[in-house]
2 protein chains.
Amino acid sequence: MEIEYKEKNFFTSKDLALSVIGGRWKIAIIWCLLQQTPLRLSEIQKYLPDVNQRMLIRQLRELEDDKIITRCVYPVVPPKVEYELSEIGLLLEPVVTSICDWGDNFRTFLEENPNETSVE
Amino acid sequence: MEIEYKEKNFFTSKDLALSVIGGRWKIAIIWCLLQQTPLRLSEIQKYLPDVNQRMLIRQLRELEDDKIITRCVYPVVPPKVEYELSEIGLLLEPVVTSICDWGDNFRTFLEENPNETSVE
DNA sequence: GTTTATAGTGACAAAAACGTCAGTATTGTT
DNA sequence: AACAATACTGACGTTTTTGTCACTATAAAC
């Protein structure tokens with residue numbers, strides 16, 4: 001997270017929201033947890049194979065610190081940890097949905113308007 | 001923008017969407033243009049005083065390249081340039097709205113659940 | 001002829017984000 | 001005794017992002 005809301009004045013709700021969900025993989029993680037819940041770390045990794053474990057854990061920690069997800073550790077061996085959206089985290093569903101919907105529209109737009117700019 | 005959709009396979013709409021609107025100030029810029037349109041650069045700067053001009057211009061260029069906004073240059077002195085949301089850009093309104101709405105909820109949540117973690 | 005306004009660009013530095021690698025803990029299995 | 005599985009952490013370096021500073025163009029106003 002780039003901005004710490006604890007240390008800055010936020011005038012708008014969007015700034016506050018973006019400080020929490022603006023991270024590189026945050027929306028993707030929340031998306032996973034909306035598909036299936038709870039999820040173990042290893043399961044999230046299967047959903048997001050492009051994210052390395054280190055990064056994934058860092059993003060999960062930030063989401064946990066911001067109370068968007070909960071982390072439940074089971075005292076077993078090998079260890080088992082389950083991640084779940086919190087109540088306020090679940091309320092992000094409309095955000096994720098609207099992003100996916102727009103992505104659909106944008107994909108259609110791209111197909112209908114092929115790039116005139118060639119990268120060469 | 002971190003990911004070039006021209007160069008990567010995108011399997012989900014969210015990935016495609018995030019590659020376009022995931023930039024640091026993209027949502028904020030789009031938010032401005034939903035409040036008032038068209039806007040000149042100097043006007044966007046008044047909306048977003050924390051963004052330096054260099055950065056703002058870079059983000060505007062990316063949005064323009066992705067066809068989210070249009071840039072109209074008037075051949076006058078001093079120069080006048082107007083930015084406007086494109087058709088596909090206007091469709092981002094539900095995304096911005098849902099983010100703002102969630103931000104409101106999250107602010108309330110923060111007020112109701114004061115931080116137990118003190119930073120010292 | 002100097003200043004003003006607007007919308008930039010280029011070079012560079014600082015900061016933040018990201019990735020890689022190696023290592024930890026536990027206990028049950030081979 | 002070595003190895004496997006899961007969920008990590010720490011050190012470190014690289015890459016990307018962001019910011020700063022100086023600079024450009026133009027015509028009108030003073």
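Protein chains get the first letters and strands the later ones, always in sequence-line order, with residue 1 at the start of each.
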request  = State whether a side-chain donor-acceptor pair under 3.5 Å links Ser98(A) with Ser98(B).
outcome  = yes

key: Candidates dG19(D), dC8(D), dC18(C) - which lies nearest the side chain of Gln53(A)   = dC8(D)

Met55(B) CE to dA14(C) C1', straight-line distance once rounded to whole Å = 14 Å

ask   = In whole angstrom, what separates Leu48(B)'s CG from dT18(D)'s P?
value = 14 Å

query = Are Val81(B) and Arg40(B) side-chain neighbours, meaning at least one heavy-atom pair lies under 4.5 Å?
reply = no

key: Interatomic distance, Ile44(B) CD1 vs dT6(C) P [rounded to whole Å]   = 14 Å

message = Please determine whether a side-chain nitrogen or oxygen atom of Arg54(B) lies at a distance below 4.0 Å from atom OP1 or OP2 of dT9(C).
response = no

request  = Round to the nearest Å and state the distance from Leu39(A) atom CG to dT6(D) atom P.
outcome  = 15 Å

key: Euclidean distance, atom CG of residue Asn52(B) to atom P of dT17(D) [Å, nearest integer]   = 15 Å

ask   = Ala17(A) and Gly103(B): which non-hydrogen atoms are nearest, and at how many Å?
value = CB-CA, 3.9 Å

ask   = Separation of Lys80(A) atom NZ from dC8(D) atom P, in whole Å?
value = 13 Å

request  = Kindly point out which of dT26(C), dG19(C), dT18(D) is positioned nearest to the side chain of Pro79(A)?
outcome  = dT26(C)

key: Residue closer to the 5' end of DNA chain D, Val81(A) versus Val51(B) (nearest nucleotide)   = Val81(A)

remark   = Closest to the 5' end of DNA chain C, once Glu82(B) and Pro78(A) are matched to their nearest nucleotides, is Glu82(B)

inquiry  = Could you report the tightest heavy-atom contact between Leu56(A) and Val51(A), atom names first, then the distance?
reply    = N-CG1, 3.8 Å

Side-chain N or O of Arg24(A) closer than 4.0 Å to phosphate OP1/OP2 of dC18(C) = yes

query = Would you say Ser42(B) reaches dA5(C)'s phosphate, i.e. side-chain N/O to OP1/OP2 under 4.0 Å?
reply = no

Gln45(A) CD - dG19(C) P separation (whole Å) = 13 Å

query = Atom OH of Tyr74(A) to atom C1' of dC8(D): distance rounded to whole Å?
reply = 18 Å

ask   = Is any side-chain nitrogen or oxygen of Arg58(B) closer than 4.0 Å to OP1 or OP2 of dT18(D)?
value = no

ask   = More 5' along DNA chain D: Val77(B) or Glu43(A), using each one's nearest nucleotide?
value = Glu43(A)

task = Tell me what Leu41(B) touches on the nucleic acid: a base, only sugar-phosphate, or nothing, going by heavy atoms under 4.0 Å.
result = sugar-phosphate

request  = Establish, from distance only, whether the side-chain atoms of Glu82(A) and Tyr74(A) form a donor-acceptor pair under 3.5 Å.
outcome  = yes

inquiry  = Please determine whether a side-chain nitrogen or oxygen atom of Arg61(A) lies at a distance below 4.0 Å from atom OP1 or OP2 of dC8(D).
reply    = yes

request  = Remember a base hit wins even if backbone is also touched, and classify Tyr83(A) as base, sugar-phosphate or nothing at under 4.0 Å, heavy atoms.
outcome  = sugar-phosphate

inquiry  = Less than 3.5 Å apart, any donor N or O on the side chain of Asn105(B) or Thr108(B) sitting next to an acceptor on the other?
reply    = no

task = Return the nearest nucleotide to the side chain of Arg71(B); candidates are dA7(D), dT6(D), dG8(C).
result = dG8(C)

